[in-house]
Amino acid sequence: MIILSFLLNFTAISVHLFLINMSTMARKKKSSEKKSPGKAVSTKGSKLDDISKLSNKELKERARKFSKQYCVGDGGDFQLKKYSTDPNIDLGPEDKPLMKLTLETGVEALAELQDKMYAQDKWSLLVIFQAMDAAGKDGAIKHVMSGINPQGCQVTSFKAPSAEELDHDYLWRCQKNMPERGRIGIFNRSYYEDVLVVRVHESILHASKLPEELVTPDIWKNRFKDIRNYEKHLSRNGTRIIKFFLNVSKKEQKKRFIERIDNPDKNWKFSSADAKERNYWDDYMKSYEEMIRNTSTRESPWYVVPADNKSYARIVIVSAIVNAMDKLNLEYPVVSKEKIAELKTIKQALLDEK
Ligand code: AMP
Ligand code: MG
């Protein structure tokens, strides 16, 4: 109990500081842009006061510390019950402007890192999203990736496998969509479905074309091992992987389902299959827990993101991605002296043009 309350306080303090500092950065930057001054941000009534000024470096350090509390790292003794579905901080409407500005600042930092990664053309980043329905995967992808160059980013959604996909092993369709060097690849669901939905509904496994003698009681343990090795292989070849489980509560899912039913513009997002899957909630949670325990590693960690508050979840995600990219020490390629001399000559020739 003491440990838990310490964690909760720590979370509250961290978000507090993170929000304050991220916002300060944004305002500093915006006020220096003379051509398009940033809109004033109302901090009135917000508990997220402006207390200090951060450099770009400090901002990244803050992102590291903030996201770390949701990073599972080595999954060995992972227990889902230790991770909250809500942020444990009382965020009200008065905090919205600062939350929005914080996300924008994070996206700006992410865009800068992506630009370098693209120019450098060596590393790639794979970001995996897994969650129950209505946990906010689509919205998170839309908002977090909104400010980045589309050329350097590719999103792939994985649904129930097609006949062609079932004709191959379950990693095949994912391998085909791995990000190229210099790019960010986003997987909206992934090969992890093959230890989640396929585990919860073993009938899917039996209906697949896998030879029956390979469907043994060890199948899940073996799949975890294969996934760990696969991710190790990708890491060793220049793909950084981070994985987000958007941890929404059953209560919040119910609320969002009802919203989707009540709002005609959201009807398309809801299917009766979603309501059916909800009946298997406990089986899913058990499968998620085992999956994270067996596949979270220091180099390719899972983040368990409190997803009952969408704005908060997006800030966690952007800070974790900024941190992962920052660790790659990305730099623009250094141009040789010869190349600089050549550029100068070309510039002079352009200036001399009549
Ligand atoms: P959505 O992401 O809401 O559009 O839904 C996609 C659906 O495809 C989800 O219900 C997933 O569980 C399902 N799905 C994804 N991968 C697999 C798979 N390998 N086997 C069976 N169902 C899958
Ligand atoms: Mg769905």
Side-chain angles (χ1 to χ4, degrees), residues 126-145 154-178 185-212 214-215 219-220 222-224 226-227 230-231 241 243-248 250 252-261 263 265-292 294-295 302 305 307 310 313-314 317:
L126 175 64
V127 184
I128 294 180
F129 287 93
Q130 287 291 159
M132 297 299 282
D133 285 305
K137 284 187 285 102
D138 294 18
I141 294 169
K142 182 167 140 190
H143 285 88
V144 172
M145 298 297 156
Q154 51 212 55
V155 183
T156 314
S157 297
F158 294 96
K159 314 265 177 195
S162 66
E164 189 194 18
E165 287 166 352
L166 281 176
D167 249 349
H168 298 268
D169 71 279
Y170 66 91
L171 293 177
W172 179 78
R173 64 176 181 164
C174 297
Q175 180 61 29
K176 281 208 307 182
N177 287 289
M178 281 297 159
I186 296 161
F187 280 6
N188 184 346
R189 305 186 189 272
S190 64
Y191 42 85
Y192 282 107
E193 288 292 325
D194 290 88
V195 291
L196 290 168
V197 65
V198 180
R199 187 170 191 185
V200 170
H201 301 286
E202 277 204 32
S203 56
I204 301 179
L205 184 66
H206 296 293
S208 76
K209 297 176 79 180
L210 198 62
E212 293 86 52
L214 298 181
V215 183
I219 190 160
W220 310 116
N222 290 336
R223 284 192 173 188
F224 292 141
D226 292 340
I227 290 173
Y230 179 54
E231 292 186 348
I241 306 167
K243 306 171 287 204
F244 294 107
F245 167 48
L246 304 195
N247 190 20
V248 75
K250 199 174 178 191
E252 180 65 21
Q253 190 199 49
K254 178 176 168 179
K255 195 177 133 219
R256 292 183 191 175
F257 276 180
I258 292 171
E259 264 167 35
R260 287 180 176 189
I261 294 166
N263 182 348
D265 292 346
K266 287 191 176 178
N267 283 174
W268 66 273
K269 282 191 175 183
F270 188 77
S271 82
S272 57
D274 296 348
K276 230 170 78 197
E277 288 313 289
R278 180 177 163 80
N279 295 327
Y280 296 91
W281 188 274
D282 293 346
D283 294 342
Y284 270 109
M285 291 306 117
K286 231 176 110 211
S287 299
Y288 269 109
E289 184 172 72
E290 275 216 31
M291 174 193 83
I292 294 172
N294 283 282
T295 58
W302 276 101
V305 181
K310 290 180 187 174
R314 290 167 193 167
I317 292 164

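Every number for a ligand or one of its atoms is a count from 1 in the order of the listing.
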Worksheet item: Cationic tip of Arg223 within the cone over Tyr170's six-membered ring, i.e. under 6.0 Å and within 45° of the normal?
Response: yes
Fill in: Ligand-residue contact atoms, ligand 1 with Asp133, heavy atoms, under 4.0 Å
3 (O)
Item to complete: Answer with side chain, backbone, both or neither: which part of Val198 has a heavy atom less than 4.0 angstrom from an atom of ligand 1?
Response: side chain
Worksheet item: Do ligand 1 and Asn188 have nitrogen or oxygen atoms that lie under 3.5 Å from each other?
Response: no
Worksheet item: For ligand 1, does Asp274 get within less than 4.0 Å through its side chain, its backbone, both, or neither, judged by non-hydrogen atoms?
Response: neither
Worksheet item: What residues form a side-chain contact (heavy atoms from CB on, under 4.5 Å) with Lys142, not counting sequence neighbours?
Response: none
Item to complete: Flag the pair Arg256 and Glu252 as a salt bridge only when some basic side-chain nitrogen lies within less than 4.0 angstrom of an acidic carboxylate oxygen.
Response: yes
Discussion item. Is a donor from one side chain sitting under 3.5 angstrom from an acceptor on the other, for Arg189 and Gln130?
Written reply: no
Worksheet item: Given Glu193, Arg189, His201, which has its nearest heavy atom closest to atom 7 (C) of ligand 1?
Response: Arg189
Item to complete: State the atoms of ligand 1, each with its element, that fall below the 4.0 Å cut-off from a heavy-atom position in Phe158.
Response: 15 (C)
Worksheet, complete the sentence: Of Ala160, Ala273, Pro161, Ala207, the one whose closest heavy atom lies nearest atom 8 (O) of ligand 1 is Ala160
Worksheet item: Considering only heavy atoms of Asp194, which atoms of ligand 1 have at least one such atom less than 4.0 Å away?
Response: 19 (N)
Worksheet, complete the sentence: Taken to the nearest 0.5 Å, the spacing of Phe158 CZ from Glu165 CD works out to 8.0 Å
Worksheet item: Could a heavy atom of Arg173 be found less than 4.0 Å from some atom of ligand 1?
Response: yes
Practice prompt. Using side-chain contact (heavy atoms from CB on, under 4.5 Å) as the criterion, list what pairs up with Asp283, not counting sequence neighbours.
Written response: Val200, Tyr280
Worksheet entry | Arg173/Glu164 ion pair, N-O < 4.0 Å | no
